[in-house]
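Report on one structure; see the data block that follows.
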Amino acid sequence: MTDSKLYIYNTLKRERELFVPQHAPFVGMYLCGPTVYSSPHLGNARGPITFDVLFRYLTFLGYKVRYVRNITDVGHLENDADEGEDKISKKARLDKLEPMEIVQLYTVAYHDIMRQLNILPPSIEPRASGHIIEQILMIEKIIEHGYAYVSEGSVYFDVKSFEKDYPYGELSGRITDDLQSNTRELDGQSEKHNPLDFALWKKASPEHIMHWPSPWSEGFPGWHIECSAMSAKYLGETFDIHGGGMDLLFPHHECEIAQSLGANGKQPVRYWMHNNMLTINGQKMGKSLNNFIMLHELFSGKHHLLEKAYSPMTLRFCMLQSQYRNPIDFSNKGLQDAEKAYEKLSGIYLLLKEMNWDGTSINPETEKTLSSFEDECIDAMNDDINTAIVLSNMFKVSSVVNQFNTSGKTEGVSKENFEKFKKTYCTFFTDILGLLPEANTAQGNEEFGKLVDSLLEVRNEAKKKKDFTLADAIRNTLSKFVTLQDTPEKTNWKYEKKK
RNA sequence: GGUCCUGUGGCCGAGUGGCUAGGCAGAGGUCUGCAAAACCUUGUACGGCGGUUCGAAUCCGCCCGGGACCUCCA
């Protein structure tokens, strides 16, 4: 069960480390969730997919995982100035909505996308707005310990005084002197003793519409404190795994460490894991670059950069094709390749699921290919969750399965070996990688399916009468919506959304 | 400017001292009314220059290119 040797890359140590939970079989895992102020975009999908696979794999290994993924509904400052405005309240003002209406709208949208991507719900999904008290209590502890000060109703973390007792910048490899000299001149830094200090609590300006009472002012919590407060509450002051995007390394995660040490005197996290970023056609995705793709746009194909719609599973597969610490470039070609590759493996899964052993002989080569499959997949996962290798292992066995299917017999393999292989493939495909075969109908529209089927009846009549002109005409006409595939028994069809 | 990551064949993407990655695309073939799928065969590679080594895509140095972060961002 848990004797498996899982190695994960720990950003804090900058090397792969054997994963040993603090209190096996229990594992505590935290992922920085979304700020719910706009529709989820392509970049929002990578972290949840990466850590969903980790969550699934740890569970597969037999661990009892408590996976916490927060919802940030308090908003972060737009910038580090006193005039800084909460993202959510800014959006609320622009849309003339109550802030919590924005939060509700985009939380639902986020959940919807997560469901489509077959991402399991976390064990706990705490909201920052529901943990204001915990955040205030944590800030009080930090002040008590002398690592924070109150200035004009706001509270700032005192990096200089913290550095006397603990290192700052360990995770991100920053040196405070360098940071100092590189700090830009921003307005409204006057409240801070030092430009590196960061806000724990901000006093709300009169036009700021999201605020709560606190010992210091009517205001709102700083950018980083929610994750520290909520992870400590649900996972303890020290827990196993903390994940997030590489862009959060500094300052967000660095600040989390400082806050937790400042409040509790303990390193909060044993293994820090960071997924890499993605690019679109080789360029950073950014609103100003006009290449920002929302996930609902990807799924519908309605975006000027997209040649067609790509399904949630295509996206999931595409992401799993590279190891999480490498960047992924998105392009139409890449997505179309991923779509084909995904359909191939998905087809293998569907074949295998219905296949029963009926061999008569043993072929040593086939036997070996199938028997080594499980170990190879586990080795790949144990090597810092290398899903790319797991997928390549699946391709290696795919032709064996196709040959079984073509010949109608599972020839060359023992019953025991076949059963084990079948179970392993299905478990890795659906339970660990979280891939689901997609439905053959147009988004579950039964009538559409019936319509196609009745046209195919006409076509099959034509084929029987050798009227291939009519048969081909029907196929060509249908090709705008569905792709046909004739087999000796029947005609399979697949709905394909064309732009 | 600082910190860090990265450069593999037409494209994507593993590997990390000697041993086939894999996918997509391409070429040839089998099968099929045709198409598709499937199966068989098949080519091209490790940014540049030095160094270490019996041996380097893999280690070291320098150079060149790409990217991220340093400011909200997954």
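Below, chains carry the letters A, B, ... as their sequence lines are ordered, and counting in each starts from 1. Worth knowing before you read on, the calculation uses all heavy atoms, side chains too, and leaves out hydrogens, waters and symmetry mates.
In this view, A:Asn276 and A:Arg46, A:Met246, A:Pro327 satisfy the side chain to side chain contact (heavy atoms under 4.5 Å, CB included) rule, not counting sequence neighbours. With sequence neighbours left out, the salt bridge (Lys or Arg N to Asp or Glu O under 4.0 Å) criterion links A:Asp383 to A:Arg16.
Comparing the C1' positions of B:G51 and B:A14 gives a spacing of 28 Å, expressed to the nearest Å. A distance of about 13 Å separates the C1' atoms of B:A25 and B:U44, rounded to the whole Å. Only the C1' atoms considered, B:G7 is 15 Å distant from B:U16, to the nearest whole Å. Nucleotides B:C19 and B:G55 are separated by 13 Å at their C1' atoms, to the nearest Å. When the C1' atom is used for both B:G29 and B:G65, the distance is 42 Å, rounded to whole Å. For B:G13 and B:A45, the C1' atoms lie 13 Å apart once the distance is rounded to whole Å. B:C64 and B:G22 are spaced 36 Å apart, taking the P atom of each and rounding to whole Å. Between B:A21 and B:G17, the distance separating the two P atoms is 16 Å to the nearest Å.
If you check distances only, the side chain of A:Asp472 does reach the base of B:G33 with a donor-acceptor pair under 3.5 Å. Judged by distance alone, with hydrogens and angles left aside, A:Arg475 brings a side-chain donor or acceptor within reach of the base of B:A35, the pair sitting under 3.5 Å. For A:Asp486 against B:C34, a side-chain-to-base donor-acceptor contact under 3.5 Å is present. For A:Arg325 against B:C5, a side-chain-to-base donor-acceptor contact under 3.5 Å is absent.
Picking from B:G33, B:G15, B:G22 the nucleotide with the shortest atom distance to the side chain of A:Arg459 gives B:G33. Considering only the side chain of A:Ser399, B:C40 comes nearest among B:C11, B:A14, B:C40. Closest to the A:Gln403 side chain, of the nucleotides B:A14, B:C40, B:A37, is B:C40. Nearest to the side chain of A:Gln485, among B:A36, B:A68, B:A14, sits B:A36. For A:Phe250, taking side-chain heavy atoms from C-beta onward, the closest of the listed nucleotides B:C70, B:A74, B:A21 is B:C70. Between B:A74, B:C24, B:A36, one nucleotide has an atom nearer to the side chain of A:His41 than all others, and that is B:A74. When distances are taken from the side chain of A:Ser322 to each of B:G13, B:A21, B:C11, the shortest belongs to B:G13. Minimum atom distance to the side chain of A:Leu248 is reached by B:A74, of the listed B:C40, B:A74, B:A14. Candidate nucleotides B:C70, B:A14, B:C24 were compared by shortest atom distance to the side chain of A:Ala388, and B:A14 ranks first. Distances were taken from every side-chain heavy atom of A:Lys396 (C-beta onward) to each of B:G23, B:A21, B:C40; the shortest belongs to B:A21.
A donor-acceptor contact closer than 3.5 angstrom links the side chains of A:Tyr324 and A:Asp384. A:Tyr425 and A:Asn393 share no donor-acceptor pair across their side chains, judged by distance under 3.5 Å alone.
Rounded to an integer number of Å, the gap from CD1 of A:Ile389 to C1' of B:G22 is 8 Å. Distance CG (A:Leu295) to C1' (B:A74): 11 Å, rounded to an integer number of Å.
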**Q.** Base-pairing string, 5' to 3', of RNA chain B - Watson-Crick or wobble, under 3.5 Å, | interstrand
**A.** (((((((..(((.....[...))).(((((.......)))))....(((((..]....))))))))))))....
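Among all heavy-atom pairs drawn from A:Pro167 and A:Phe162, the shortest one is O-CE2, 3.6 Å. Nearest heavy-atom pair, A:Lys422 versus A:Met355, reported as atom, atom and distance to 0.1 Å: NZ-O, 2.7 Å. The heavy-atom pair separating A:Ala338 from A:Phe317 by the smallest distance is O-CD2, 3.6 Å.
Under 4.0 angstrom from either OP1 or OP2 of B:A14 there lies at least one side-chain N or O belonging to A:Asn326. Distances shown here put every side-chain N or O of A:Gln321 at or beyond 4.0 Å from the OP1 or OP2 atom of B:C24. Here A:Asn402 reaches the OP1 or OP2 of B:C39: one of its side-chain N or O atoms lies under 4.0 Å away. Within the 4.0 Å cut-off from OP1 or OP2 of B:A21, not a single side-chain nitrogen or oxygen of A:Asn386 is found. Side-chain nitrogen and oxygen atoms of A:Lys340 include at least one within less than 4.0 Å of the OP1 or OP2 phosphate oxygen of B:A25.
A salt bridge does not link A:Asp453 with A:Lys490: none of the charged nitrogens is closer than 4.0 Å to a carboxylate oxygen.
Lacking a ring centre under 5.5 Å from that of the base six-membered ring together with a plane angle below 30°, A:Phe395 does not count as stacked on B:G22.
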Q: Starting from the C-alpha separation in whole Å, work towards a yes-or-no answer on salt bridge (charged side-chain N to carboxylate O under 4.0 Å, His left out) for A:Asp52 and A:Arg69.
A: CA-CA 10 Å; A:Asp52 182 52; A:Arg69 188 185 68 201; over 6 Å; no
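Residue contacts shown for A:Ser172 are limited to sugar-phosphate atoms, with no base heavy atom under 4.0 Å away.
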